[in-house]
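What follows is a single structure, written as structure tokens, with notes after it.
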Amino acid sequence: MVDVAAIFKAYDVRGVVPDQLDESVARATGAAFVEVLDVLAGPGAVVVGYDMRPSSPALAAAFAEGVTSTGADVIDIGLASTDQLYFASGRLDLPGAMFTASHNPAQYNGIKMCRAGAAPVGSDSGLRDIADLVAKALTEGPPASSTPGHVNHKDLLTAYADHLHHLVDLSRIRPLTVVVDAGNGMGGHTVPAVFADGPVTIIPMYFELDGNFPNHEANPLDPKNLVDLQAKVREVGADLGLAFDGDADRCFVVDEKGDPISPSAITGAVAVRELAKHPGSTILHNLITSKAVPELITEHGGVPVRTRVGHSNIKQKMAETDAVFGGEHSAHYYFRDFWRADTGMLAALHVLAALGEQELPASELFAEYERYVASGEINNKVDDAAATVAAIEDTYSGGSNMDSVTVDHLDGLTVSAGQWWFNVRASNTEPLLRLNVEAADRPEMERVRDEVLALITGASVEEN
């Protein structure tokens with residue numbers, strides 16, 4: 001019997017296929033999705049997309065069977081990136097489900113779900129209820145079927161590209177040469193459509209859709225998966241390099257030297273552009289982004305709002321504050337003009353527009369957004385995360401030499417003092433503590449990093 005609780009995470013469904021996630025789970029999830037979101041009483045249909053993983057078409061078809069078994073209809077958009085699914089949900093005003101395991105290895109698959117208008121479905125906004133119904137259906141069998149709904153196929157790739165072009169016009173920028181590493185993921189599907197015309201010459205890498213990832217994992221957050229892109233940018237003398245993850249909802253950027261531009265710098269740059277269009281607007285940044293981000297937002301007349309990590313948190317806060325844009329350290333970028341959903345492609349267009357509207361190379365242009373030195377995320381296996389965090393807080397919140405230290409608990413534990421800060425928070429799904437440190441210079445960052453690591457554990461450390 002499938003352990004449903006183990007594969008229904010805080011924001012989506014993820015599991016090894018078929019040991020954890022199979023067609024019976026997908027079918028039950030489709031039916032439960034309709035019931036929890038009250039689809040029959042509302043829009044009457046669900047939009048479904050899927051990525052290039054070998055298991056995705058069959059899982060998506062089983063989910064569609066579950067939906068139609070309730071009497072609801074399915075709009076099948078076929079192969080899609082996750083942000084293309086969000087576009088469909090927003091444009092059609094329908095709840096949606098995307099079959100993808102994003103950046104995870106080939107043996108995994110998953111489901112990202114949203115309400116109409118790309119609104120989030122998180123643990124406290126329906127996902128837990130869906131999981132309970134799936135567990136019941138797998139034990140007791142599916143509920144009695146009604147008159148089945150219909151599956152209709154709709155190609156929205158061109159409409160998706162047109163919407164992005166409407167938001168960021170590249171027609172007047174200087175000619176650019178850009179290397180794009182799609183990692184055999186869905187960027188190989190969307191990039192040709194988005195850059196079919198215009199002044200950007202694309203040099204493609206690994207555009208063949210292949211969910212077995214024959215070249216490298218489609219996870220640009222891991223530096224080893226950027227090596228090929230960096231080498232190609234230097235080899236051809238490109239102006240920029242872009243790397244998309246497996247479902248192409250995140251985009252990572254390297255400059256003309258092949259050096260990574262941090263997601264915090266991208267967040268700062270896009271925030272400045274959005275504030276030029278929407279003066280005085282609110283911009284969100286999660287608490288792991290560089291403190292340069294709120295500085296830049298304030299300097300350009302915006303209102304920075306600090307949030308917890310995670311797309312459900314960001315989307316909820318965007319709705320509450322009417323924020324025009326939000327960015328995360330993990331290269332998720334959210335736009336009010338894109339139904340508050342995250343889209344790496346739109347962020348990439350902003351980066352290209354910023355670069356092409358002036359003459360400086362990327363390394364010089366984005367230097368002003370890189371003000372501090374960060375450790376990157378460091379994961380530590382621990383036996384008792386809560387006790388470890390409490391011990392760290394005790395160390396930094398007491399003593400005469402700690403008078404300048406401030407502590408908060410917005411998401412895990414954040415400790416700030418003058419020219420440095422760090423955050424440590426527990427993983428939602430693994431026995432890990434995640435540490436991020438930033439300081440004014442490298443020696444200070446390394447000092448704080450090593451000091452906190454010594455307090456956490458002597459176990460092996462994995463840096464991302």
Side-chain angles (χ1 to χ4, degrees), residues 11-14 21 26 29-30 33 45-64 67 73-104 108-121 151-165 167 180 182-196 206-211 213 218 244-251 311 332-335 338-339 341-349:
Y11 310 115
D12 55 22
V13 183
R14 282 167 286 158
L21 177 58
T29 303
F33 185 74
V46 175
V47 60
V48 178
Y50 54 87
D51 72 9
M52 67 293 141
R53 292 169 185 266
S55 59
S56 290
L59 290 172
F63 181 92
V67 171
D73 293 333
V74 167
I75 306 298
D76 177 6
I77 64 169
L79 280 167
S81 62
T82 291
D83 66 329
Q84 188 183 339
L85 185 280
Y86 291 149
F87 165 79
S89 174
R91 174 63 65 87
L92 302 176
D93 198 25
L94 295 176
M98 174 68 191
F99 280 79
T100 179
S102 184
H103 60 281
N104 287 283
Y108 285 83
N109 213 325
I111 318 171
K112 295 183 176 181
M113 292 173 275
C114 64
R115 295 176 180 271
V121 176
V151 176
N152 301 295
H153 301 275
K154 193 173 185 68
D155 184 354
L156 291 176
L157 182 58
T158 299
Y160 159 80
D162 289 345
H163 182 70
L164 295 175
H165 295 154
L167 297 176
V180 178
N184 298 110
M186 292 311 301
H189 178 68
T190 55
V191 168
V194 173
F195 294 98
Y206 313 141
F207 271 37
E208 304 79 14
L209 301 183
D210 188 340
F213 308 115
F244 291 91
D245 67 346
D247 60 337
D249 64 346
R250 290 189 295 160
C251 182
H311 81 269
H332 284 285
Y333 306 107
Y334 306 78
F335 296 84
F338 200 81
W339 297 277
D342 47 321
T343 163
M345 188 68 76
L346 184 52
L349 293 181

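- Across all their heavy atoms, Phe213 and Ala218 have their closest contact at CE2-CB, 3.8 Å.
- When every heavy atom of Ala161 is checked against every heavy atom of Ala193, the shortest pair comes out as CB-O, 3.8 Å.
- Between the CG atom in Leu85 and the CG atom in Leu94 there is a gap of 10.5 Å [rounded to 0.5 Å].
- Rounded to the nearest 0.5 angstrom, Asp51 CG and Asn109 CG are separated by 5.5 Å.
- Annotation: side chain of Val194 is in contact with side chain of Leu349 (closest heavy-atom distance under 4.5 Å).
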Evaluate the criterion side-chain contact (heavy atoms from CB on, under 4.5 Å) for residue pair Thr100 and Lys112; output intermediate values, then yes/no.
-> CA-CA 7 Å; Thr100 179; Lys112 295 183 176 181; 4.1 Å; yes
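- Using a distance-only test at 3.5 Å, with no hydrogens or angles considered, a donor-acceptor pair links the side chain of Asn184 to the main chain of Glu208.
- Ile77 and Ala80 get closest at one heavy-atom pair: CD1-CB, 3.8 Å.
- Each of Asp342, Thr343, Asp245 was scored for a side-chain hydrogen bond (donor to acceptor under 3.5 Å, both in side chains) with Arg250, with one residue passing: Asp245.
- Considering only heavy atoms from C-beta on, Met345 comes within 4.5 Å of Phe195 through its side chain.
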Does the pair Val13 and Met113 meet the rule for a side-chain contact (heavy atoms from CB on, under 4.5 Å), with working shown?
-> CA-CA 9 Å; Val13 183; Met113 292 173 275; 3.8 Å; yes
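- With rounding to the nearest 0.5 Å, the separation of CZ in Arg115 from OG in Ser89 is 11.0 Å.
- Asn152 places no side-chain N or O within donor-acceptor distance of the main-chain N or O of Lys154, the cut-off being under 3.5 Å.
- A distance of 7.0 Å separates CG of Asp83 from CG of Leu164, quoted to the nearest 0.5 Å.
- Relative orientation of the His163 and Phe338 rings is tilted, given thresholds of 30° and 60° on the angle between their planes.
- Between Leu209 atom CG and Met186 atom CE the span is 5.5 Å, to the nearest 0.5 Å.
- Taking CZ from Phe63 and CG from Asp76, the interatomic distance works out to 11.5 Å, rounded to the nearest 0.5 Å.
- A distance-only check finds a donor-acceptor pair linking the side chain of Arg53 to the backbone of Ser102 [under 3.5 Å].
- The heavy-atom pair separating Phe33 from Cys114 by the smallest distance is CZ-O, 3.5 Å.
- Here the closest non-hydrogen pair linking Ala248 and Thr190 is CB-OG1, 4.5 Å.
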For the pair Leu21 and Arg14, evaluate side-chain contact (heavy atoms from CB on, under 4.5 Å) and give the outcome as yes or no after the intermediate values.
-> CA-CA 7 Å; Leu21 177 58; Arg14 282 167 286 158; over 6 Å; no
In sequence, state the C-alpha distance, the side-chain angles, and the governing distance for His189 and Gln84, and then conclude on side-chain contact (heavy atoms from CB on, under 4.5 Å).
-> CA-CA 11 Å; His189 178 68; Gln84 188 183 339; 3.8 Å; yes
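- When every heavy atom of Val48 is checked against every heavy atom of Ala60, the shortest pair comes out as CG1-CB, 4.1 Å.
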